[in-house]
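Here the structure is laid out as structure tokens; the discussion comes afterwards.
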Amino acid sequence: MTETTSAERAKSFARSRRGPILGAIFLMATSAIGPGFITQTATFTAQLGAAFAFAILASILIDFALQMNVWRMITVAGKRAGDLANEAVPYSGHLLATLIVIGGLAFNIGNIAGAGLGLNALLGIEPKVGGLLSALLAIGIFMYKRAGRVVDMVVLVLGLLMIGLTLFVAIASQPPVGDALRQTFVPGTLNFATITTIVGGTVGGYITYAGAHRYLDSGLTGPEHVPAVHRASMSGILVTGIMRYVLFLAILGVVASGVTLDFSSQAANPAGQAFGAVLGDAGIRIFGAIFWAAAITSVIGAAYTSATFISTFSKKLGAGWPLQLATVAFILVSLVLYLLIGAAPAAILVFVGGFNGLILPIGMSIFMYIGWFRQRDVLRGYRYPVWLLVLGTTATLLSWYMGIVSIRPIFAFIGIGV
């Protein structure tokens, strides 16, 4: 009787953890494949053609090196990134939290802009009105008393929808796969600002910590759960990697056919034009649904993760209603700033990726210090794999280099000279 009860409890516990784990995987994936990445992919594929495949590969490799370290350290310690950083280097967590919240705010302005572009393509709604309606929907989700479960379900369903429809468009566009594969490893053009922007749009800022922070809610933390963390983080990286390359191929097929995309007008939606070139008016509507799904899930991810960093300054905001209200406040501030900004939405979406790419090396430097020198205390005596630290450190140094050489062209995206 006791053995049966114990087995039932174990199964019940596993089922209860499944939601947060899947939520963590798809929160990471949908945050990394938001409207910023989609617009950046269309913009840079139009500029570089098949050579942009190398930037996609670089983003996947850097993603692997950084995310594997971040997920493992946060879950082994059982603490959010800001608290973990503060324990290792006093007040560094406050610095990291400040940068993440600023970067998350910039990203969320772009996410709301993307939601507006999505509804514009889907229903013909004016972009700022669409952004307003989408932000209000996200607020409604977080006001629900079981917001965590709703978030997990929303990002899972919409994430699968994005993957399926984008794969269909990639097949329909008939891209030059051979040329893309060749230039994945031997690019005809190399542009560090492009790589920094795409890395920032898929790994930088809050995205680095989104999945790991959500995974903490599963309760599977500590050194004994490293195998489970490893599987979850690898699953998230695999999903995002496949999605990035499939989206690139979909856009490349259109660009290679000779279609010219518009980047200049206020309501320019280059990725939407590419989908429309493949499937006609129906393609534009379908793309609108995909783009809006990417945007609304990214609004959710940016707001939730940024709010978890705000809790670094006050433990009262760490969970429950205080965390939900902080998340709602974050969305409101993002919405107001978006409505006040006059830059073209597509320009915002490209810029915020680069901006978060500049923030990325700062946070990762703190984590690499923890991995190399603070295993005994901060990581509970866990013997950290040296190969993983070497990969993470290499990616961190590379992100520093790319950030330094890319500052001027990144700010030039929105007409600011540096």
Side-chain angles (χ1 to χ4, degrees), residues 6 9-29 31 64-89 92-93 96-97 100 146-149 151-152 155-156 206-237 301 304-312 314-320 322-324 327 363-364 366-385 388-389 392:
S6 298
R9 287 177 178 174
K11 290 181 180 179
S12 177
F13 177 78
R15 284 194 297 268
S16 68
R17 300 302 92 189
R18 193 175 301 150
I21 291 173
L22 286 174
I25 292 170
F26 276 87
L27 188 65
M28 169 188 167
S31 293
F64 173 82
L66 300 184
Q67 288 282 10
M68 292 294 288
N69 279 287
V70 167
W71 276 62
R72 187 169 299 215
M73 289 188 200
I74 286 177
T75 52
V76 164
K79 296 178 180 178
R80 289 173 178 161
D83 298 327
L84 191 59
N86 272 341
E87 185 176 346
V89 182
S92 65
L96 180 61
I100 293 298
R146 294 184 177 180
R149 293 184 181 181
V151 167
D152 292 339
V155 297
L156 174 61
Y206 80 92
I207 297 173
T208 311
Y209 312 97
H213 277 197
R214 182 64 184 132
Y215 192 90
L216 287 178
D217 296 334
S218 72
L220 301 178
T221 61
E224 66 274 18
H225 291 295
V226 165
V229 173
H230 179 81
R231 289 192 297 270
S233 56
M234 281 297 294
S235 298
I237 293 167
Y304 166 78
T305 310
S306 297
T308 62
F309 271 95
I310 294 174
S311 68
T312 303
S314 174
K315 302 304 177 189
K316 295 179 180 179
L317 300 175
L323 178 60
Q324 288 176 238
T327 305
M364 288 311 305
I366 299 172
F367 271 77
M368 289 302 99
Y369 165 74
I370 294 172
W372 282 111
F373 303 109
R374 302 300 296 274
Q375 294 182 25
R376 288 188 177 182
D377 51 352
V378 178
L379 296 182
R380 304 185 185 183
Y382 174 67
R383 296 186 62 181
Y384 209 88
L388 199 52
L389 287 174

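Residue numbers run from 1 in the order of the sequence given.
Annotation: the span from His213 atom NE2 to Thr308 atom OG1 amounts to 4.5 Å, rounded to 0.5 Å. Distance check: Arg80 CZ to Leu216 CG gives 7.0 Å after rounding to the nearest 0.5 Å. The distance from the CG atom of Leu379 to the CD atom of Glu87 is 8.5 Å, given to the nearest 0.5 Å.
Across every non-hydrogen atom of Leu96 and Tyr209, the tightest pair is CD1-OH, 3.9 Å. Heavy-atom minimum distance, Phe309 versus Ala97: O-CB, 3.6 Å. The shortest non-hydrogen separation linking Ser92 to Asn86 is N-OD1, 3.4 Å. Residues Leu66 and Gly392 share a closest heavy-atom pair of CD2-O, 4.0 Å. Considering every non-hydrogen atom in both Phe64 and Ile237, the closest pair reads CA-CD1, 3.8 Å. Shortest non-hydrogen contact noted between Leu84 and Ala77 is CD1-CB, 3.4 Å.
Here salt bridge (charged side-chain N to carboxylate O under 4.0 Å, His left out) pairs that include residues 367-376, with residues two or more places apart or in two chains, are Arg374-Asp377. The side chain to side chain donor-acceptor pair (under 3.5 Å) pairs that include a residue from residues 226-235 are Arg72-His230, where partners are two or more places apart or lie in different chains.
By the ring pair (Phe, Tyr, Trp, His ring centres under 6.0 Å) test, Tyr304 pairs with no residue at all, sequence neighbours left out.
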Legend entry - Trace of the side-chain contact (heavy atoms from CB on, under 4.5 Å) decision for His225 with Thr75: CA-CA 8 Å; His225 291 295; Thr75 52; over 6 Å; no
Legend entry - Intermediate values then yes/no, side-chain contact (heavy atoms from CB on, under 4.5 Å), Met364 and Val70: CA-CA 8 Å; Met364 288 311 305; Val70 167; 3.7 Å; yes
Inset, instruction - Please lay out, stage by stage, how Asn69 and Met368 fare under the test side-chain contact (heavy atoms from CB on, under 4.5 Å). - result: CA-CA 8 Å; Asn69 279 287; Met368 289 302 99; 3.7 Å; yes
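A heavy-atom distance below 4.5 Å is found between the side chains of Val76 and Tyr382.
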